[in-house]
Amino acid sequence: MNIEVLLTETEIADELVESIEARDLPEKFFYWTPLSIQSWKALSTRSEEAMRETWEGLAAKAADLTRAFIGTIPVISLGAGEGLKDREVLKALKTAGREAKYFPVDASQSLLEMACAGAEDDDCEALGIKADISSPMHLMLAADVSEAPRLYLMVGNTLGGFDPLDQIKHVATCVHKGDILIIDANIHAGAIEPSEEQKRFVFSPLAAAGVLPDDGALEFVAKPDDRLDGLHIVTRRFQAARDLTLRVAARDIPLARGERILLNFRYLFSQEAFRWLLTEHAGLRVVTEILSADGRFVTAVCIKA
Ligand SMILES: C[S@@+](CC[C@H](N)C(=O)[O-])C[C@H]1O[C@@H](n2cnc3c(N)ncnc32)[C@H](O)[C@@H]1O
């Protein structure tokens with residue numbers, strides 16, 4: 001298994017300590033420990049079900065979409081996770097007689113290993129890239145694994161884990177003439193009622209640091225983002241009910257009673273806001289848009305405008 005490392009485990013561990021000290025945990029730490037990965041897999045099973053029809057449809061179109069690609073098709077998945085959706089596309093390309101090379105890009109070593117192993121089980125060559133996709137430099141280096149035309153995937157509402165106005169611009173910079181980007185977003189559908197799986201997932205980095213559920217309260221707050229009509233942010237935060245000591249990367253970090261830690265946020269979108277971000281804001285052209293069977297996800301196939 002080949003994995004190229006732009007972001008080391010030591011860098012992630014150091015950044016995790018700094019983030020806990022700053023009381024603000026970015027998205028990548030929610031997929032880092034075995035506990036987080038277990039919670040993520042339990043949570044994602046439901047969205048995999050909801051997205052099945054979308055991905056069967058996309059897989060059926062994959063060979064057609066990439067007809068102009070000559071030779072091996074580079075498939076670069078940004079925030080690949082364990083790559084289950086990506087594999088549908090890779091398998092469809094193989095069935096259509098096309099050769100693909102898979103480049104899952106993720107900060108999580110374990111998820112990258114799963115993504116590479118899954119592709120290799122399907123006889124597809126894979127090179128994992130361990131990188132921080134919030135870094136424009138890492139995105140550029142990941143894109144440089146191949147020249148255009150490339151097929152990019154950024155799915156599972158990965159965009160919603162970052163500031164979407166900044167992140168989509170960084171991603172769009174990597175999309176050149178001939179490239180295709182398949183990207184999805186979670187639709188905002190009114191009141192937020194977090195499931196037990198969601199709570200476990202959000203709490204998992206704290207649990208891995210020795211915090212117990214009754215050490216404090218977990219709060220989900222949804223509000224519109226004033227920068228764009230139809231854009232909503234769900235923040236998740238933990239407030240300590242007693243003095244705590246978090247054990248992170250062999251360091252003890254105190255958290256006083258009443259203090260809050262901001263956990264990862266999630267952006268949700270109206271279909272119009274998502275389309276505006278892709279087109280007017282990031283300069284892409286949407287060639288196809290697919291709404292999932294349950295209406296919770298929209299997936300767009302984009303090219304450079
Ligand atoms: C919401 S999951 C989506 C995973 C997968 N694409 C799917 O559809 O199931 C987001 C993925 O992005 C990765 N990720 C989060 N922040 C990241 C960062 N800053 N750099 C690289 N990967 C990151 C996580 O490890 C996780 O695998």
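In listed order, ligands and their atoms are each counted from 1.
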Query raised in the report: Taking N or O atoms only and a 3.5 Å limit, does Val105 qualify as a polar contact for ligand 1?
Result: no
Report summary line: Per-atom filter on ligand 1: closer than 4.0 angstrom to a heavy atom of Lys28 are 15 (C), 16 (N), 17 (C), 18 (C), 19 (N)
Query raised in the report: Any idea which part of Ala80 is under 4.0 Å from ligand 1, heavy-atom wise: side chain, backbone, both or neither?
Result: backbone
Query raised in the report: Is Leu111 close to ligand 1, meaning an N/O of one under 3.5 Å from an N/O of the other?
Result: no
Query raised in the report: For Ser108 and ligand 1, does the shortest N/O to N/O distance drop below 3.5 Å?
Result: no
Query raised in the report: Is any NZ, NE, NH1 or NH2 atom of the basic residue among Asp243 and Arg257 found under 4.0 Å from an Asp or Glu carboxylate oxygen of the other?
Result: no
Requested in this report: Consider every N or O of Glu27 and every N or O of ligand 1, then say whether any pair is closer than 3.5 Å.
Outcome: no
**Report entry** Approximate separation, where rounding is to 0.5 Å, of Ile290 CD1 and Thr299 OG1
**Finding:** 6.0 Å
Report task. Locate the shortest heavy-atom distance separating Leu268 from Ile187; write the atom from each residue and the value. Result -> CB-C, 4.5 Å
Query raised in the report: For the side chain of Asp179 and the backbone of His176, is there at least one donor-acceptor N/O pair under 3.5 Å apart?
Result: yes
Report task. Please confirm whether Val155 comes within less than 3.5 Å of ligand 1 when only nitrogen or oxygen atoms on both sides are compared. Result -> yes
Query - Backbone or side-chain N or O of Arg266 under 3.5 Å from ligand 1 N or O - result: no
Query raised in the report: By number and element, which atoms of ligand 1 are closer than 4.0 Å to a non-hydrogen atom of Ala131?
Result: 20 (N), 21 (C)
Requested in this report: Just go through Gly79, Ser36, Gly156 and tell me whose heavy atom is the nearest to atom 4 (C) of ligand 1.
Outcome: Gly79
